[in-house]
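Only heavy atoms go into these numbers, but all of them, side chains included; no hydrogens, no water, no symmetry mates. In what follows, chains carry the letters A, B, and so on, assigned in the order in which the sequence lines appear, proteins first and then strands, with residues in each chain numbered from 1. This structure is a prediction, so every number in the text was calculated from the model and none was measured.
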Protein chains: 2
Amino acid sequence: MNYEDGKDKFIQSWGTLGSSWGISRTMAQIHALLLLSPEALSADEVMENLQISRGNANMNLRALIDWQLVYKEHKQGERREFFVAEKDMAKVVKSIIIQRKKRELEPMLRILDDLTGVEGQDQEAEEMRKVVKDLKLFSHKADSALDALVKADSNWFFSTFLSMIR
Amino acid sequence: MNYEDGKDKFIQSWGTLGSSWGISRTMAQIHALLLLSPEALSADEVMENLQISRGNANMNLRALIDWQLVYKEHKQGERREFFVAEKDMAKVVKSIIIQRKKRELEPMLRILDDLTGVEGQDQEAEEMRKVVKDLKLFSHKADSALDALVKADSNWFFSTFLSMIR
DNA sequence: CTTAACTTTCAGGAAATATTGAAACCTACA
DNA sequence: TGTAGGTTTCAATATTTCCTGAAAGTTAAG
């Protein structure tokens, strides 16, 4: 496969995957583009490359910066800003875990905590307390495990994963 | 909190969370409803409870069955079908992991494999090979780890998680 | 202070997803 | 075998989510 085709395929695929990852298509595409680029790119270069509007580019770049997947970079004697992707995959994976945990797991923990004290003696209330209790157990475990993963350094991260697959 | 309020809150919240989990709102609500119900429910009861159409109920029930989160149940002397949720949370979590892995991780692995052999000697092609290589390393590790999690029995599952949070 | 290069915001339009409801389809039983 | 009770399908529609582009906001340099 030649470089141009590979680049397109990577950007397109990353975009499609992004959707199923709860990330917008464009945000994922910008991320892919920057990952592939050895140099920092300006907003205009991103717009040009992906054929998207200025507003779209700006919003998604900000989101990526918020996720810590992209950094702003200032170049000597240049007024405008340039953007680079975080290239250390261990850091990339960490950032993604942090964000998804925040959006997916933590809201659940809050809700389950609220639901702990449901009243009632009948079978339905009983069933609900049981379901909530089980879910809390799992979610708290997952929460702790992910926290540990994120706090640990990359070596630990790797060795834990390795030990899991034995 | 009384039972009715708790039930509504659980169903609503599960629905909202479902969205950020890449599951449709209704599918998640049906799942929540069945999780709370001590008895199997008919399609009509589901429609009634959640105020949704027959088509919607049917499609999402089938999807839940496909995910192995819900089973059909036949009652003595009843023509119509009833639906029960899988209540064992270890199994529920496993099913969800399997489905998300299938939708999120596996497509990525396929694409990365395709992109392994990009040609070119310049810096850009170099950068791309590097990115793809790193991503493959991580994805395959994650894939194996999740496979192990899913295949293992619940005790192993728990003890691994526990060992990770120490 | 003024200007011009650049960035951010946001209302309205476009695209993608989910839902409805009615018709077609099954199937157990009289 | 006809039919009533039940299920599934799918085109039309509603809803949610995303993107555009122009206007407003910033800020560095003259």
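Residue-environment remark: CD (E73(B)) exceeds the threshold of 12 foreign heavy atoms within 6.0 Å. Residue Q68(B) places its CD atom among 12 or fewer non-hydrogen atoms of other residues, nucleotides or ligands, all under 6.0 Å distant.
OP1 or OP2 of dT7(D) has not a single side-chain nitrogen or oxygen of N58(B) nearer than 4.0 Å.
Atom C1' of nucleotide dA5(C) and atom CZ of R80(A) are separated by 10 Å, given to the nearest angstrom. K72(B) has its NZ atom 14 Å from the P atom of dC26(C), to the nearest Å. The CD atom of E81(B) sits 13 Å away from the C1' atom of dA28(C) (whole-angstrom rounding). Rounding to whole angstrom units, CG of residue L64(B) and P of dT7(D) are separated by 16 Å. One interatomic measurement links the two molecules: CG of L61(A) to C1' of dT9(C), which rounds to 15 Å at whole-angstrom precision. Between the CE atom of M47(B) and the P atom of dA22(C) there is a distance of 12 Å, rounded to whole Å.
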Checklist entry - What one-letter contact string describes nucleotides 13-30 of chain D from 5' to 3', where B marks a base within less than 4.0 Å of any protein heavy atom, S marks contact via sugar-phosphate atoms alone, and - marks no contact? => result -----SSBB-----BS--

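Under the 4.5 Å side-chain contact rule for hydrophobic residues, I96(A) and L146(A) share a cluster.
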Could you tabulate the donor-acceptor pairs under 3.5 Å formed by side-chain atoms of residues 117-126 of chain B, not counting sequence neighbours?
unit_1	atom_1	unit_2	atom_2	d
E119(B)	OE2	M1(A)	N	3.1
D122(B)	OD1	A125(B)	N	3.4
E126(B)	OE1	R129(B)	NH2	3.3

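Checked against salt bridge (charged side-chain N to carboxylate O under 4.0 Å, His left out), K133(A) has no partners two or more places apart in sequence or in another chain.
In this structure, CG in D147(B) is found 10.5 Å from NE2 in H140(B), a value given to the nearest 0.5 Å.
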